[in-house]
There are 2 protein chains.
Amino acid sequence: MTTQHDQDVADLRAFNRTYTRRLGLLDASYDGSPFTLSEARVLYELATRTDPVAAGIVRALGLDPAQVSRTIKRFTERGLVTSRESPAHGRHLLLSLTDEGRAAFSTLETNTKASIGQLIDGLHPLRRARLLAAARAINAVFEGDAPPAARLRGLEPGDLGMVTARQGFLYAGEYGWGRDHEALIAEIVARFHQDFDPAKDDAWIAEADGRMVGSIFLVRGEAPGTAKLRLLYVEPDARGMGVGQMLIEACVARARALGYRRLDLWTVTTLTAARKLYQRAGFQVVEETPCRRFGQDLVDQIWSLDLTA
Amino acid sequence: MTTQHDQDVADLRAFNRTYTRRLGLLDASYDGSPFTLSEARVLYELATRTDPVAAGIVRALGLDPAQVSRTIKRFTERGLVTSRESPAHGRHLLLSLTDEGRAAFSTLETNTKASIGQLIDGLHPLRRARLLAAARAINAVFEGDAPPAARLRGLEPGDLGMVTARQGFLYAGEYGWGRDHEALIAEIVARFHQDFDPAKDDAWIAEADGRMVGSIFLVRGEAPGTAKLRLLYVEPDARGMGVGQMLIEACVARARALGYRRLDLWTVTTLTAARKLYQRAGFQVVEETPCRRFGQDLVDQIWSLDLTA
DNA sequence: CCATGATTATTGACTCAGTCAACATGCTGG
DNA sequence: CCAGCATGTTGACTGAGTCAATAATCATGG
């Protein structure tokens, strides 16, 4: 048996191999460059950091101090770098590129840019877009060191469909609900927009790490003074980080602010995680009926929250 | 001014730097490994290919023949590899791992898997999913050497919403159409599903390189014997590779097969690319009326194709 | 059948990468 | 003031990577 974890490891290793073979040598040595990859990395650091010091470069690139020392020695011999003792710290050597050094860096930049440009241009537009999206994603994964925080925002183009797609996809996979479920969501979403009244309705998208990870909709109910909470969902990856609670709180607060006296919601007992969230937010079950829906035997529930308390 | 191309190059370079720093050393040398990265790569090839020959490894890894020769010599001295002359080809050396070689490879595998597993486990689930999706995408970009061909398939969970999302997003960006356009699509899509009759309706998704790149829907019309072509779209990346034509042909063929005598469609003059496709497929304009829609002044068109010809 | 060219493998020579240990020097916090 | 730490250098060594030369073998076309 192969677990998901094993598969992940295998995929990442496959990626590593592809990368080493196809991309690895790109960022540095175009053909005939006077610099090796490692030298180019050091030169890049020298050119881009302010007041470069050897130790800083060592840390930034994860290289051995000995190697950086020798590389800089070579650069000095080639007339690319000068160093002077730091006035503040006698042990620091302030490094700076000479004019020749800057010129060398500039042609290096031009050439590597050109060679990467060539790679990009050689790809089919479809693949190019995919490669770049993936590269940006990986970058983001390692750049953002803080754990990804979710934030709420309003609706943007594409969101309505995305909510439909994700919920349709997830409930089909997790609970085997049929396509009529997705169609139901599409209809709710479409009607939400047709009847939209900013004084009565609202919707939130939860976003984390640049991706939609959840949604919630606030829609006016049939009875005056009541509203409905609809289409709450949280992506599996993002569960357990308080996204659901955040969404419900925003929805309840807005319902209060708009003057509603009661907030209702419909769900089925199968969705245990959601039920816990409703409970914690103070909702109570007011109705429960067995029902056949989406190709499954389910138990419908209506929950209600008194907003006047 | 920074063009998209420049930005792409910069992003790919940034990715390259991130990679070299954060992932580069992973696939090979766990801490205290008796193999260098390059040696590990060669060992991997020795262990996984059938009837390994030095020249094959040279090509697969893009290494210098001299280096591979010396690496294998070291392996032989360490008792990891034996070689014998190929009976078929006197210049080929058939390499094979000894028992010790296989054992060394196996512990290497275990350890690198563990160290990659550690990296994966250290990431937030959200980021892990993102990293892996991106790694798989990059792999796919370089694995599929043939230009990505589009293929058609039926509806799957999530497709209805995805069609809505992509069309809403694209027409908002390209033509400034408002959110009511997205809501309209959501409604069409929802109604399509509610009224779905396999003997009268159909839908296709175009997929290329594992991604949805277009859609088309066939829906029965009000008048008997007539059908409507709806929701045709092609992703910008995938334009110019015949996806639109493929979709229309599938739709027209199915309409014929279901016995319809006429196929209508509604569009607006702004969508010039689509208009050309309709024209080439034999559609003709039967009605044209200026109209205000989606926050724009548009000219509605109804096109029609006689299927009895 | 043979000359020619391509492929395969090896070796020498060289520079740089990368690791480890030793060492000198300056700074910093009790 | 002194121990400990960070910074930078050097020596010694192995492997990576490049280039050129060489030798053996195979494939091919006249």
Side-chain angles (χ1 to χ4, degrees), chain A residues 20-21 24-46 49 51-78 80-95, chain B residues 20-21 24-46 49 51-78 80-95:
Chain A
T20 321
R21 181 85 184 82
L25 298 174
L26 269 179
D27 196 20
S29 328
Y30 59 96
D31 214 35
S33 163
F35 299 105
T36 65
L37 195 146
S38 177
E39 283 175 335
R41 293 178 74 201
V42 173
L43 187 59
Y44 179 88
E45 294 296 322
L46 283 172
R49 16 183 81 218
D51 295 335
V53 172
I57 298 179
V58 164
R59 270 191 299 273
L61 300 181
L63 295 175
D64 192 278
Q67 192 177 327
V68 172
S69 173
R70 277 188 263 258
T71 304
I72 288 173
K73 198 196 206 178
R74 280 198 307 276
F75 282 173
T76 311
E77 283 162 5
R78 282 158 80 176
L80 306 174
V81 166
T82 55
S83 59
R84 60 194 178 80
E85 220 175 57
S86 164
H89 193 304
R91 202 65 197 136
H92 288 183
L93 279 188
L94 290 183
L95 305 168
Chain B
T20 323
R21 181 85 185 83
L25 299 174
L26 269 177
D27 195 20
S29 327
Y30 60 96
D31 214 34
S33 162
F35 298 104
T36 65
L37 195 147
S38 176
E39 283 175 335
R41 293 178 73 200
V42 173
L43 187 59
Y44 179 88
E45 295 296 322
L46 283 171
R49 13 184 83 220
D51 295 335
V53 173
I57 297 179
V58 164
R59 270 191 298 274
L61 300 181
L63 295 175
D64 192 278
Q67 192 177 326
V68 172
S69 174
R70 278 187 264 259
T71 303
I72 287 172
K73 197 197 210 175
R74 279 198 307 276
F75 282 173
T76 312
E77 283 161 6
R78 283 156 80 174
L80 305 175
V81 165
T82 55
S83 57
R84 60 194 178 81
E85 219 175 59
S86 164
H89 194 301
R91 203 59 201 145
H92 288 186
L93 280 188
L94 289 183
L95 305 168

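In the text below, chain A, chain B and the rest are named by the order of the sequence lines, each starting its count at 1. Atom set for the values below is all heavy atoms of this structure, side chains included, hydrogens, waters and symmetry mates excluded.
The CD1 atom of B/Ile57 sits 19 Å away from the P atom of C/dT7 (whole-angstrom rounding). We find that CZ of B/Arg78 is positioned 11 Å from C1' of D/dG15, with the value rounded to whole Å. Residue A/Glu85 contributes atom CD, which lies 15 Å from atom P of D/dT7 at whole-angstrom precision. The CZ atom of B/Phe35 sits 18 Å away from the C1' atom of C/dT19 (whole-angstrom rounding). Rounded to a whole Å, the CG atom of A/Leu37 is 15 Å from the C1' atom of C/dT15. To the nearest angstrom, P of D/dG17 lies 11 Å from CD of B/Glu39. Spacing between atom CG of B/Leu43 and atom C1' of D/dG15 amounts to 16 Å, rounded to whole angstrom units. For the pair B/Ile72 CD1 and D/dG15 P, the computed distance is 15 Å after rounding to whole Å.
OP1 or OP2 of C/dT11 sits under 4.0 Å from a side-chain N or O of B/Lys73. Taking side-chain N and O atoms only, B/Ser38 has a distance below 4.0 Å to OP1 or OP2 of D/dA16. For A/Thr71 and C/dC16, the shortest distance from a side-chain N or O to OP1 or OP2 is not below 4.0 Å. Phosphate proximity of D/dG15 to B/Arg41: absent, as no side-chain N or O sits under 4.0 Å from OP1 or OP2.
Looking at which nucleotide of DNA chain C each of B/Gln67 and B/Arg59 is closest to, the 5′-most match is held by B/Arg59.
The nearest pair of heavy atoms linking B/Glu39 to B/Pro34 is OE1-O, 3.9 Å.
In the set C/dA17, C/dT19, D/dG17, the nucleotide with an atom closest to the side chain of A/Ala66 is C/dT19. Distances from the side chain of A/Ser69 to the nucleotides C/dC20, D/dT9, D/dT7 place D/dT9 closest. When each of D/dG8, D/dA16, C/dA9 is scored by its nearest atom to the side-chain atoms of A/Ala54, the top-ranked nucleotide is D/dG8. Nearest to the side-chain atoms of A/Leu93 among the listed nucleotides C/dT10, D/dG8, D/dA16 stands D/dG8. Closest approach to the A/Arg70 side chain among D/dA16, C/dC20, C/dT10 is made by C/dC20 (side chain taken as heavy atoms from C-beta onward). Distances were taken from every side-chain heavy atom of A/Thr36 (C-beta onward) to each of C/dC16, C/dT10, C/dA9; the shortest belongs to C/dC16. Closest contact between the side chain of A/Arg74 and the listed nucleotides C/dT8, D/dT7, C/dA17 involves C/dA17. Listed nucleotides C/dA9, C/dG18, D/dG8 differ in distance to A/Leu63; the shortest reach to its side chain belongs to C/dG18.
Contact check for A/Leu94 versus A/Val53: side-chain heavy atoms found under the 4.5 Å cut-off. By the 4.5 Å heavy-atom criterion applied to side chains, B/Ile57 and B/Leu46 are counted as neighbours. Counting heavy atoms from C-beta on, the side chains of A/Ser38 and A/Leu63 come closer than 4.5 Å.
Atoms CG and OG1, from B/Leu95 and B/Thr76 in turn, are 7.5 Å apart once rounded to the nearest 0.5 Å. The CD atom of B/Gln67 lies 9.5 Å from the CG atom of B/Leu61; values are rounded to the nearest 0.5 Å.
Using a 4.0 Å heavy-atom distance criterion, A/Val58 is classed as making no nucleic acid contact.
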